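First the structure, in the form of C-alpha cells, and then the observations on it.
Hydrogens, waters and symmetry mates play no part in the numbers below; they use all other heavy atoms, side chains included. Given the structure is predicted, the values throughout are model-derived calculations rather than measurements. In what follows, chains are A, B, ... by sequence order, proteins preceding strands, each numbered from 1.
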There are 2 protein chains.
Amino acid sequence: MKTTEHYGKKVDLALSMWVKLARASTTFGRLTGRDIESYGLTQPQFGVLEMLGHLGPLNTGKIAKRSLVTGGCVTVILDNLEKDGFIERIRSSDDRRMITVQLTHKGHTTFQTIFQKHATRVTELASVLTEEEQLRLSTLLKKLGLGLKEKQ
Amino acid sequence: MKTTEHYGKKVDLALSMWVKLARASTTFGRLTGRDIESYGLTQPQFGVLEMLGHLGPLNTGKIAKRSLVTGGCVTVILDNLEKDGFIERIRSSDDRRMITVQLTHKGHTTFQTIFQKHATRVTELASVLTEEEQLRLSTLLKKLGLGLKEKQ
DNA sequence: ATTGATTATTTCAAGTTTAAACCATTAAAA
DNA sequence: TTTTAATGGTTTAAACTTGAAATAATCAAT
C-alpha cells in the first residue's frame, strides 16, 4: 500500500493521509448510499430531505451551500423531489427572487422512517471504531475541514 | 452545525463523524482537484497516471479496483489518456484477455512534473494539522477504512 | 476435443454533476 | 427616474460514473 516514499517525511505523511481520507470517505459513502437507494431515493435527494427535515424550510442557495453542490445541481435534485411529492417550492413574498423549499407531509414521514434506518446503519458501520476513537476522529476531521474551508 | 441531537449519544457520534468525514474529504478533493485540472488533466485521469507512475504497468482490472471506480469508467479514462498520448495499452501475450496499461514517455514526464506540484500542494493543505495530528488522523482513518472494507 | 462456466474488457444507455450562459428581481448610483 | 450592478434561480451542453449487456479469451470437465 505504500506507493509514495520518496518525497520526504512531511510530504509522505500528507499524501498518505489524503489517500486514506478519500478511501474511507468513498467506502463509507458507498455503503450508506447503497442503503439509501434501496429506499428509492438517490443520495443527494436524501441529503436534501435530511437537511430540510432537520433544519426546516430553506431557500435553494442555502441548500446548495450546505450540501457542497452546485446551484444547478440543486435545481435538478429539487425537481425530482418535487415530482415525487416530497417537497414543495414557495416563491418568497418579500424577495420574489428567492424560493423557499419545504417538506410536504409525505416528505416529512418519508424522512423520518428512512432517517431512522439510516442512522442505525451509520452507527453500525461506525462501530468499526470505538466511541473514543470516533470522538478523536471527529475532532481531527473538524479541525481539518474548517482549516481547509479557510483556504478556499 | 449540530443538526442531529435526538438519536442518542452513540448515534449522534456516528452521524456527526460521518458528516465531518464527507465534508473534509470533499473540500480536500475540490481544492486539489482544481489544481490538477489547471494542468489539463481531470482528477480521475491524474489518479490513473499517478497509479501507473508509482506502481508501474497495470491491467485495467487492477486499476479499477485500486481507484474504487467501475471498470466501464476506467475504459473511458484510459481512452482519454491514450488519446492524449499519456498511456498505451498492450494486449498481454500470455493471457490475451488482459490489457497491460503503461505510461508513455510523455506520460512519465507529465506525471513527474505534475505530481511534484500536487505533492507540494497537498502538503501545504495538510499543514492545517500538525504532523502529529496528521499521523493520528491517518491511523484512525486507516482503521476505519479497513474495517469498512470488510463490511462490504 | 467440445461444451459450459468464468474472467477481462468494452460498449451502451441512463442518471448526475459542473460551469457558464441566461432570466428575473432587487439594490445602488447617477 | 433611469441605468447599472448584484443576487437568486434555472437552463444548457459537456463530461463523468454507473450497472448491465456484449464480446473475447481462458479454464475445467467431460
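If you check every strand for non-hydrogen atoms under 4.0 Å, A:Thr75 touches a base. Counting non-hydrogen atoms under 4.0 angstrom, B:Ser92 reaches nothing in the nucleic acid.
Relative to the side chain of A:Thr60, the nucleotides D:dT7, D:dT10, C:dT6 differ in distance, and D:dT10 lies closest.
Side-chain contact annotation: A:Ser16 with A:Lys20, donor-acceptor N/O pair under 3.5 Å present. With no hydrogens or angles considered, no side-chain donor-acceptor pair links A:Thr139 and A:Lys143 at under 3.5 Å. Side-chain atoms of B:Lys62 and B:Asn59 form no donor-acceptor pair, as typed in the model, at a separation below 3.5 Å.
Here B:Asn80 does not reach the OP1 or OP2 of D:dA15: none of its side-chain N or O atoms lies under 4.0 Å away. In terms of phosphate contacts, A:Arg89 brings a side-chain nitrogen or oxygen within less than 4.0 Å of OP1 or OP2 of D:dT10.
The distance between atom CE of B:Met98 and atom P of C:dT7, rounded to the nearest whole Å, is 12 Å. Residue A:Asp84 contributes atom CG, which lies 12 Å from atom P of C:dG15 at whole-angstrom precision. Across the protein-nucleic acid pair, A:Asp95 atom CG and C:dA24 atom C1' stand 11 Å apart, rounded to whole Å. At whole-Å resolution of the value, NZ in A:Lys65 and P in D:dG9 are 11 Å apart. Taking atom CG of B:Asp79 as the reference point, atom P of C:dT10 lies 7 Å away to the nearest angstrom. One atom, CG of A:Leu41, and another, C1' of C:dT16, lie 15 Å apart when rounded to the nearest Å. Atom CD of B:Gln43 is separated from atom C1' of C:dT16 by 16 Å (rounded to the nearest Å). Put simply, NZ on A:Lys62 is 15 Å from P on D:dT7, counting in whole angstrom units.
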N/O to N/O distances under 3.5 Å, protein versus nucleotides 17-21 of chain D:
from, atom 1, to, atom 2, distance (Å)
D:dT18, OP1, A:Arg30, NH2, 3.0
D:dT18, OP2, B:Thr70, N, 3.0
D:dT18, OP2, B:Thr70, OG1, 2.8
D:dT18, O5', B:Thr70, OG1, 2.9

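If you take CG on B:Leu144 and CG on B:Leu148, they are separated by 4.5 Å, rounding to the nearest 0.5 Å.
Nucleotides of DNA chain D nearest to B:Gln45 and B:Arg96 differ in position, and the one nearer the 5' end is that of B:Gln45. The residue among B:Asn59 and A:Arg91 whose nearest nucleotide of DNA chain C is located toward the 5' end is B:Asn59.
The base of D:dT7 is paired with the side chain of A:Arg97 by a donor and an acceptor separated by under 3.5 Å.
Screening residues 67-82 of chain B for salt bridge (Lys or Arg N to Asp or Glu O under 4.0 Å) gives B:Asp79-B:Arg89, B:Glu82-B:Arg89 as the qualifying pairs, with residues at least two apart or on separate chains.
A salt bridge links A:Arg121 and A:Glu124; the closest N-O separation between the charged side-chain nitrogens and carboxylate oxygens is under 4.0 Å.
Not one N or O on the side chain of A:Asp84 forms a donor-acceptor pair closer than 3.5 Å with the backbone of A:Phe86.
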